[in-house]
Amino acid sequence: MAKKEHISETPATQFLRKHGVIFSEHPYPYEEHGGTSVSARELGVPEHSVVKTLVMQDEAAKPLIVLMHGDCKVSTKNLARAIPCKSVEPCKPEVAQRHSGFQIGGTSPFGTRKALPVYVEESILALETMYINGGRRGYLVGIAPQVLVDLLGARAVSCALEE
């Protein structure tokens with residue numbers, strides 16, 4: 001039986017399909033260091049609805065994922081207080097890649113190499129649809145934010161800083 005034509009599967013889309021999650025696919029021309037402003041422009045959506053997946057670590061070098069609005073930065077101080085731990089910092093790119101199994105610029109919270117604790121900026125959960133990386137550079141999926149809580153056990157935190 002032939003499969004219908006679609007964008008090649010990633011560990012993220014396999015994870016979503018396996019769990020019966022409805023999502024829309026949004027490929028776009030990837031720009032090196034373009035970030036969420038480029039993907040938002042290419043998709044014609046507010047950058048606030050584009051969610052970045054950040055791999056960070058605590059003071060014991062334990063990895064975690066933070067999901068943040070594209071137009072905001074993470075206050076690592078507020079995040080550390082919320083988790084609670086002493087400190088949080090971004091992982092080096094090669095370390096983040098090792099933890100998640102995804103290339104930098106293509107990191108998704110779905111289908112990571114190992115299960116990592118996921119923290120989501122609480123206002124993301126109020127969005128009707130969020131656009132988050134689908135596991136490859138230049139590829140976002142549109143999805144209901146509640147999926148983060150239902151499938152990943154994401155914990156809401158308040159650590160956004162306006163960019």
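Since this is a predicted model, take the numbers as computed values, not measurements.
For Thr129, the side chain to side chain contact (heavy atoms under 4.5 Å, CB included) partners at least two apart in sequence or on another chain are Tyr131. Considering only residues two or more places apart in sequence or on other chains, Asp150 meets the side chain to side chain contact (heavy atoms under 4.5 Å, CB included) condition with Gln146.
In this structure, the separation between OH on Tyr119 and CG on Leu79 is 8.0 Å, given to the nearest 0.5 Å. A distance of 12.5 Å separates OG1 of Thr76 from CG of Asp58, quoted to the nearest 0.5 Å. Atom CZ of Phe110 and atom CG of Leu152 lie 5.0 Å apart (nearest 0.5 Å). One distance of note links OG of Ser100 with CG of Asn133; it measures 10.0 Å at 0.5 Å rounding.
At a cut-off of 3.5 Å, with distance as the only test, no side-chain donor of Ser108 or Arg136 sits close to an acceptor on the other residue. A side-chain donor-acceptor contact under 3.5 Å links Ser123 and His69.
Of the possible donor and acceptor atoms, none in the side chain of Lys114 sits under 3.5 Å from a partner among the backbone N and O of Gly101. Of the possible polar contacts, one joining the Glu47 side chain to the Ser37 backbone as a donor-acceptor pair under 3.5 Å is found. Side-chain N or O atoms of Arg137 include one that pairs as donor or acceptor with a backbone N or O of Ile104 at under 3.5 Å.
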Verify side chain to side chain contact (heavy atoms under 4.5 Å, CB included) between Phe23 and Thr13, making sure each step is shown before the conclusion.
-> CA-CA 9 Å; Phe23 62 93; Thr13 55; 4.0 Å; yes

Before giving the answer on side chain to side chain contact (heavy atoms under 4.5 Å, CB included), spell out for Glu42 and His26 the whole-Å C-alpha distance, their side-chain angles and the decisive distance to 0.1 Å.
-> CA-CA 9 Å; Glu42 292 295 328; His26 305 274; over 6 Å; no

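In Glu128, the CD atom is not crowded: 12 or fewer heavy atoms of neighbouring residues, nucleotides or ligands sit closer than 6.0 Å.
Residues Leu140 and Ser39 come closest through the heavy atom pair CD1-CB, 3.7 Å.
A salt bridge is absent between Lys73 and Glu121: the closest approach of a Lys/Arg side-chain nitrogen to an acidic carboxylate oxygen does not fall below 4.0 angstrom.
Under a hydrophobic clustering in which Ile, Leu, Val, Met, Phe, Trp and Tyr are joined whenever their side-chain heavy atoms come within less than 4.5 Å, directly or via other members, Met68 and Leu116 fall into different clusters. Taken together through direct or relayed side-chain contacts under 4.5 Å among Ile, Leu, Val, Met, Phe, Trp and Tyr, Ile65 and Ile124 form part of one hydrophobic cluster.
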Considering only distance and modelled atom types, tabulate donor-acceptor pairs under 3.5 Å from the side chains of residues 85-94, sequence neighbours left out.
unit_1 : atom_1 : unit_2 : atom_2 : d
Glu89  : OE2    : Gln57  : NE2    : 3.0

